[in-house]
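What follows is a set of notes on a single structure, which appears directly below.
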Amino acid sequence: MERRVYMDYAATTYVKQEVMEEMMPYFTEKYGNPSSVHSFGREARKAVDLARERTAKALNASTDEIYFTGGGSESDNWAIKGAALANKQKGNHIITSSIEHHAVLYTCQYLEKMGFEVTYLPVDQYGLVNPEDVKKAITDKTILISIMFANNEIGTIQPVKEIGRIAREHGVYFHTDAVQAVGHVPIDVKDMNIDLLSLSAHKFYGPKGVGALYVRKGVRIHPYLHGGAQERNRRAGTENLPGIVGLGKAIELAYENLEESNSKLAAMRDRLIAGIMEKIDHVRLNGHPVKRLPGNANLSFEFIEGEALLLSLDMKGIAASSGSACTSGSLDPSHVLLAIGLTHEIAHGSLRLTLGDDNTDEDVDYVLEVLPGIVERLRNMSPLFAQHKGEKYYV
Ligand SMILES: *Cc1c(COP(=O)(O)O)cnc(C)c1O
């Protein structure tokens, strides 16, 4: 069979064998409802408790600060809407950034329609939020600051601890969408002054459709799903038992070998980026050169369309992602790439390659072997390239 290389780990990961093995019994013989008082129920409850302990430990939180959810999007929605509604007596102002995931951006836009006011902070050319801008945006009406930990497109890691300190000093809640960061960078919610944190298992080798929200003790937040008394009356619905078990195992595994796995990933990422820059002209790296996720490479290729690049790579068995959203029915390029100052044209020529645990040096070699030819072929079909050959046109 033809070679297949998966470099789209920021979209989702496979489920690790050890995680899968731990989940399996909870589909079949250990299927109790954690709310039941009989032995089946108690067995299930024990498993949820263990997952909660593992999650709390990974974040330096306590177990009663962890709430399991249906994934990253739910956690983001809950954190922002829940905090907004519970604190609207105090004020109606929310601060976020212009490069958030849509689960945060669209939630904020929805709240604007409900009468809340939202400040969308700009970022610099690397995608960094300036903590001074956060400070300046705070008013006596500000109730929540929501800034993502690490960006899903360009990999930039924000100065979270600094932003958390400012929020704490002003008595404003600080939420961070850490869906790309959990399991990939060290996180300490206490040291980093985080009040609310979203995470999702399928971004760190756990199953899809399960996540968690960390809610610091004492933080005022309304429930998002109403019904049964699960999750200490804050998130109704019978627990996704196998999913929660998988999340717990995956988060524990992720932090066991973090340094080793990150240095291997970063070395592959750097060789990939350096190889592309060396073999191909008219390329720029998006995101911060060092403050970035170890597996993230995001590059813009002048004179071509990211979508065409993706399709050509796919024909060679390489799975990647682009910076334009044509596939989702919109012709607008990514809001993240526009926010870091890229023109529409160059943003359209962007490619995201995100590496993970199963990638090898041979995978990197294969991409470096295949990509230059694809770029050359696409550029030869581009009238703009013929016109501007040899000069820096967009960048
Ligand atoms: C994937 C992702 C989400 C959404 O998480 P789901 O579990 O897929 O709902 C939210 N924020 C960021 C930064 C993400 O990368």
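Just so you know, ligand 1 is whichever comes first in the structure, and atom 1 is the first atom listed for that ligand.
- In terms of the ring pair (Phe, Tyr, Trp, His ring centres under 6.0 Å) criterion, residue partners of Phe40 (sequence neighbours excluded) are, by chain and number, Tyr31, His38.
- The residues lining ligand 1, counting any heavy atom closer than 4.0 Å, are Gly71, Gly72, Ser73, Asp76, His101, Met148, Asn152, Asp177, Val179, Gln180, Ser200, His202, Lys203.
- Listed by chain and residue number, His288 satisfy the ring pair (Phe, Tyr, Trp, His ring centres under 6.0 Å) test with Tyr126 (two or more places apart in sequence, or in another chain).
- With sequence neighbours left out, the ring pair (Phe, Tyr, Trp, His ring centres under 6.0 Å) criterion links Phe174 to no other residue.
- In this structure, Arg232 satisfies the cation-pi test against Tyr67, with its NZ or CZ atom closer than 6.0 Å to the six-membered ring centre and inside 45 degrees of the ring normal.
- Cation-pi contact between Arg379 and Phe385: present, with separation from the ring centre below 6.0 Å and deviation from the ring axis of at most 45°.
- Screening Val160, Leu293, Leu258 against Val185 for a side-chain contact (heavy atoms from CB on, under 4.5 Å) leaves a single residue, Leu293.
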